Structures are given as structure tokens and as C-alpha cells.
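One structure is given here, and the rest of the page talks about it.
Just so you know, these numbers come straight off a predicted model, no measurement behind them. Residue numbers begin at 1 in each chain, while the letters A, B, ... track the order of the sequences. For the numbers below, each heavy atom of this structure counts, side chains included, while hydrogens, waters and symmetry mates do not.
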Protein chains: 2
Amino acid sequence: MDNYSYLRIILSLSYSHIKDKISESGLKVTHQRIVILNTVLQMDNHPTVEHIYESIKDANPSISLGTVYKTVEAFVNNGLLSKVSTNEGQMRYDPKLDNHGHIYCSNTSEIIDYFDDELNDMILSFFKNKRVSNLKIKNITLQINGDKIDPEKDVLIK
Amino acid sequence: MDNYSYLRIILSLSYSHIKDKISESGLKVTHQRIVILNTVLQMDNHPTVEHIYESIKDANPSISLGTVYKTVEAFVNNGLLSKVSTNEGQMRYDPKLDNHGHIYCSNTSEIIDYFDDELNDMILSFFKNKRVSNLKIKNITLQINGDKIDPEKDVLIK
DNA sequence: ATGATTGCAAAAGCTTTGCAGCTTG
DNA sequence: CAAGCTGCAAAGCTTTTGCAATCAT
């Protein structure tokens, strides 16, 4: 068995994982949905619909932009993706579903995930001690706004 | 001096305050800007451009929608307003400039201000103890997402 | 006086919609 | 087979743009 065969097995395993996810979410499994979900899961930059469309269209010229819109929206409604809006009102899609904050770099238009369990606990326990009336809280997230100093390098908070 | 005269004085004082704000921000003082800024300051519901336009147009039919767009954008750039985007990517304008969070009620599309000094300090000191590299942080805000239970009543956290 | 601002209308995005034909379960 | 999904093109929004006329300083 050569390296290529291994690759094919890994790929097919990964697709079956994706098919399961789609199916379990209650949606029908179509070629378009597999391609789109697979793509968003591999992009870690919170893509826009246009980004997703651009990144799939060479290999899948028949998938239309409208389908990408409908598909990501279906994924959001069925809990496979979450939707993030930039400070400029542009919609981006995020495959990470656990509670996390975002760093918005206005000079590079990047959205970077920010996970910190300690911070999450701190905020959660803060609100546990508050009396919240007439609101059913779904989630609480932190938004860190700033500018990247060197646009080429990564941002790190630790 | 009757009640009406008092009212007129209060109004004119309030306009001169608004004129000063516009002028100090570096923008020229025009009728349109006075009306628009005055309106946004009085609306406490984070209006959209369309909301602002609707709310001024009966008394000021000559102010065009395009001018409202240009004006609020100028206000944001000159530090008189801040811009908030909803989870659906709609832009709203906020006259409150000090650091505060927002409660997003998805069932009523309301954005409610949330001030808490203790929380602000907590978050600030949390990040003071972190090493942040390659990012110039401008501000950190909290976003509380939820649904209003009774849409008619107010939300309260205390 | 001159540089900024306005109104208007057109254009540019971005997203949704309607529907006929096709596919999935 | 029925319900759901796709592709296409048109329509619907929101926002920006270009420019001549007007206004603020």
C-alpha cells in the first residue's frame, strides 16, 4: 500500500465523518453540502460566503453562489456552523461551536478565535451572581478589538 | 416667564451643546448634522440609518437618506458616535462612547446597553496579566446574546 | 474665497426569492 | 414517491459614489 492509498483512506474517512455530521443534523447529504462543510472546516479564517465560493469553484464549477448562501444558512440553523458578523456588518462563518471569543483586527480584517477557560469561568460565575430578569441568555462572548502590529505575524495572548 | 419659555431655553441650550460637540470634533456645523446628532442622542435604541431617517424626515423632508449615511459615518470617524453591528450584520449607531457591553435580544432585535464597572475592571485586570503579542488592543466588549421572555417588559441585570 | 457638505440619482454590493428540474432517503 | 435540494436569473435591500449646487468658516 503506497502513500497515496493511505491518503485516499484518510480522505474517505474524513468525508464519511462529514456525511455523518450533515445527516445527524437532520439535513440531506448532497455533494454540495459535503464540499462546502469540508471546506469551511478546513479554513480557519472565518470565511465569508464569497471566500467559500471562491475556494470551491475551481474544483466544483457547477456549485452556484446561491447554493453556498442557502447551504451555510442551513448549516447555521442546524447547528453545524455559527455565524459571526464583523464590525463592518459582513457575515462570516465559524466551524467552532464551543464558547469562545473573537479578536477583530481592523487593519487586516482578520477574526481570530480566542479560547480561555479561566476567563469563561470567571464571566460565567460573575453572571451566576447576578439577577437577570426577563432575558433567556443563550451565550456570552467577548469581543477584543484591535489592530495587528505586524500584519504578517500571528497574534498571541497567553 | 411661562413653562414654554423655559422649554425654549432648555432646547436652545441643548442645541448649542450639540453644535459645540460637532464643532469640537472637527466637523462643520450644518443644520443636517445638528438634527441628526440630536436625534441619535435622544433615541436610546441603537437606531439604524433607516430609523434615523424615518424619525427626522417629517420635520425635515429635505434631508436625504444619503446625507444620513454620510453624516453618521462622519460622526463615527470623528468620535461622536460608535457603530455596532447586529448578529445579522445590520449596522446600528450608538451615542454612548464609554466602554460598555451589549445585550442582543434576537427575538425582538433589540440592543440594550450593559454597564458594569466591576465587570469592566475584572476583564481589564485579567488581560493586564496576559502577555499580548502583535496586537494593539483598542477595546474589549462583552456581547450577551439571548431572547427576551416578555417582549413588552424591560431586561434587567443587577 | 475655498474647501467641505448636500441632494440627487445611478451604481455597486450583498443576499434572498421563485421556480422548474433533479436528488435523497 | 414525497419531500427536500439545486441552479439560474431576477428582484430586493443596503450602502456607496459622482457630481453640480450650496454652504460654513
Item to check | Residue whose nearest DNA chain D nucleotide is more 5′ - Glu73(B) or Val29(B) | outcome: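 Closest to the 5' end, via its nearest nucleotide, is Glu73(B).
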Checklist entry - Considering heavy-atom distances to DNA chain D, does Lys28(B) or Leu65(B) have its closest nucleotide positioned more toward the 5' end? => result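 Of the two residues, Leu65(B) wins.
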Checklist entry - Do Glu54(B) and Lys57(B) meet the salt-bridge criterion of a basic N to acidic O distance under 4.0 Å? => result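 Salt bridge present between Lys57(B) and Glu54(B).
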Checking contacts here: which listed nucleotide ([options]) is nearest the side-chain heavy atoms of [X]?
{"X": "Met91(B)", "options": "dG25(C), dT15(D), dC5(D)", "answer": "dT15(D)"}
{"X": "Arg33(A)", "options": "dT24(C), dT6(D), dT6(C)", "answer": "dT6(D)"}
{"X": "Tyr69(B)", "options": "dT14(D), dT6(C), dG7(D)", "answer": "dT14(D)"}
{"X": "Gln32(A)", "options": "dG7(D), dC14(C), dT24(C)", "answer": "dG7(D)"}
{"X": "Thr30(B)", "options": "dG7(C), dA3(D), dA24(D)", "answer": "dA24(D)"}

Item to check | Atom pair OH (Tyr114(B)) and CD1 (Ile103(B)), whose distance is rounded to the nearest 0.5 Å | outcome: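 Rounded to the nearest 0.5 Å, the OH-CD1 separation comes to 7.5 Å.
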Next on the checklist: I need the single residue from Lys148(B), Arg92(B), Lys153(B) that forms a salt bridge (charged side-chain N to carboxylate O under 4.0 Å, His left out) with Glu110(B). Which is it?
Outcome noted: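 That would be Lys148(B); it is the only one of Lys148(B), Arg92(B), Lys153(B) passing the salt bridge (charged side-chain N to carboxylate O under 4.0 Å, His left out) with Glu110(B).
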Checklist entry - Across the strands shown, which category fits Val49(A) at heavy-atom distances under 4.0 angstrom: base, sugar-phosphate, nothing? => result nothing
Checklist entry - At under 4.0 Å between heavy atoms, what does Ser62(A) touch on the DNA or RNA strands: base, sugar-phosphate, or nothing? => result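 It contacts sugar-phosphate atoms only.
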Item to check | Short side-chain N/O contact from Ser64(B) to OP1 or OP2 of dG7(C), under 4.0 Å | outcome: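 Yes, because at least one side-chain N or O of Ser64(B) sits under 4.0 Å from OP1 or OP2 of dG7(C).
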Next on the checklist: Are Ile144(A) and Tyr104(A) packed together at the side-chain level, in the sense that at least one heavy-atom pair is separated by less than 4.5 angstrom?
Outcome noted: no
Using atom [atom1] of [X] as one end and atom [atom2] of [N] as the other, report the distance to the nearest whole Å.
{"X": "Lys83(B)", "N": "dT14(D)", "atom1": "NZ", "atom2": "P", "value": "16 Å"}
{"X": "Asn60(B)", "N": "dG7(C)", "atom1": "CG", "atom2": "C1'", "value": "14 Å"}
{"X": "Lys70(B)", "N": "dC19(D)", "atom1": "NZ", "atom2": "C1'", "value": "9 Å"}
{"X": "Gln90(B)", "N": "dG12(D)", "atom1": "CD", "atom2": "P", "value": "19 Å"}
{"X": "Leu37(A)", "N": "dC5(D)", "atom1": "CG", "atom2": "P", "value": "14 Å"}
{"X": "Tyr53(B)", "N": "dC13(D)", "atom1": "OH", "atom2": "C1'", "value": "16 Å"}
{"X": "Ile63(A)", "N": "dT23(C)", "atom1": "CD1", "atom2": "P", "value": "14 Å"}
{"X": "His31(B)", "N": "dC23(D)", "atom1": "NE2", "atom2": "P", "value": "13 Å"}

Checklist entry - So, for Thr67(A) and Ile36(A), which heavy atoms are closest and what is the spacing to 0.1 Å? => result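 Closest approach of Thr67(A) to Ile36(A), heavy atoms only: O-CD1, 4.4 Å.
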